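What's counted below: heavy atoms across the whole structure, side chains too, no hydrogens, waters or symmetry copies. Not measured: the values here are computed from a predicted model.
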Number of protein chains: 2
Amino acid sequence: MKLSTKSRYGVRALFDLAYNSGSLPTQVQDISRRQDISPRYLEQIFQNLKKAGILTSKRGPKGGYTLARKPEEISIRDILLATEGESLFVDCIVVGDGRRKRKPECGLNGCCVTQTIWSDANNLMTEHFGTVTLKDLCERAQAMGLKREVDNRMMYFI
Amino acid sequence: MKLSTKSRYGVRALFDLAYNSGSLPTQVQDISRRQDISPRYLEQIFQNLKKAGILTSKRGPKGGYTLARKPEEISIRDILLATEGESLFVDCIVVGDGRRKRKPECGLNGCCVTQTIWSDANNLMTEHFGTVTLKDLCERAQAMGLKREVDNRMMYFI
DNA sequence: CTTAAAACCTACTATTTCTGTCAACTAAAT
DNA sequence: ATTTAGTTGACAGAAATAGTAGGTTTTAAG
């Protein structure tokens, strides 16, 4: 069980957005270049993140994407929810409000012992990822001495 | 990111072994029947678990598989290590003694901020799964009132 | 010694998921 | 009007997963 690239790229891209962007929207191609992710593919990922309410977009010249909330209000959990779905590990557990049912998968639904382990693990991870935000990532990056890219659109105004 | 069936079946099968077996070896076909897993597929999974030192086997008539250690000495972590490999979540982190290198995956090796999150999560899960053993599963099963199957090989001796 | 029951090994196939590309379309700014 | 950039849905190649199959070896029992 590995995270899909949608999750890994998604987190990287959102971090990039939080770390390198000012108040202006950032284009997919810039993030794509900095993070070395196929721009077309990144567009797809960003669509999901937009649907999930993590990103907002602006079309046209000088358009691009912006974080919908402040970095400290976007957790890894939020991102994974958009890219991986409700439950990590297995599909056969019912999570949250239980509106969406999952495929039963095995006949022993409800009385399956192993289900409880995956459910516990899922809760643990959800809780953990809920406490890590984009702001934390930015702080780590700064502590590691990661360079911010100068916004080259500013050049025109100098 | 979902667990592979090898992991889920593996845990189920080992639990079954711990819960339903006496001192005699248990055949793949019995576990397969009780847990509704394809016997041929289960054989493959058991080979890995044997290589990992979790199972021992005996060939020939009245042969089968036995747990290599006591149920309280086999953790979910041990099982996942055999079925999923060293690291959950991502491949680009170096775990353990570092003898086995992973594919770099991204150019930013070593100075990647997001890598640290997956690494943290991996450690957390490893720690957690390390504390849950087959014995715990058996206790949960008993608490849930799960019936043990009578070993029908005993019938002949009545 | 023969037979049969079981694990063991290797290869193959089908299915699904992942990853990425393409083309046509729509909206916004100049 | 034109250009820039996001939107959408379809689609294709690659890789991983899941499961099947045939044959071999070991061993207990008759």
Contacts of type ring-ring contact (aromatic ring centres under 6.0 Å, His included), residue Tyr19(B), not counting sequence neighbours: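 If we apply the ring-ring contact (aromatic ring centres under 6.0 Å, His included) test to Tyr19(B), skipping adjacent residues, the hits are Phe15(B).
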Please identify each residue that fulfils side chain to side chain contact (heavy atoms under 4.5 Å, CB included) with [X], with sequence neighbours left out.
| X | value |
| --- | --- |
| Arg59(A) | none |
| Pro61(A) | none |
| Ala82(A) | Leu49(A), Ala52(A), Ile54(A) |
| Asp16(B) | Asn20(B), Ile31(B), Arg34(B), Gln35(B) |

Sugar-phosphate only, base, or nothing, as touched by Phe46(B) at under 4.0 Å among non-hydrogen atoms: nothing
Sugar-phosphate, base or nothing in reach of Lys51(A), heavy atoms under 4.0 Å: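 The answer is nothing, as Lys51(A) stays clear of every strand by at least 4.0 Å.
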Restricting both atoms to N or O, compile the protein contacts to nucleotides 11-16 of chain C shorter than 3.5 Å, with distance only.
{"unit_1": "dA11(C)", "atom_1": "N6", "unit_2": "Gln44(B)", "atom_2": "NE2", "d": "3.3"}

Side-chain N,O (Ser57(A)) to OP1/OP2 (dT7(D)) below 4.0 Å: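 Affirmative; the distance criterion is met.
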Side chain to side chain donor-acceptor pair (under 3.5 Å) involving Arg40(B) - partner list, sequence neighbours excluded: none
Close N or O pairs between protein and nucleotides 26-29 of chain D (under 3.5 Å):
{"unit_1": "dT26(D)", "atom_1": "O4'", "unit_2": "Arg59(B)", "atom_2": "NH1", "d": "2.7"}

Qualifying side-chain hydrogen bond (donor to acceptor under 3.5 Å, both in side chains) pairs with a residue from residues 46-58 of chain A, counting only residues at least two apart or across chains: Lys50(A)-Ser57(A)
Distance in angstrom units between Arg40(B) CZ and dC9(C) P, rounded: 14 Å
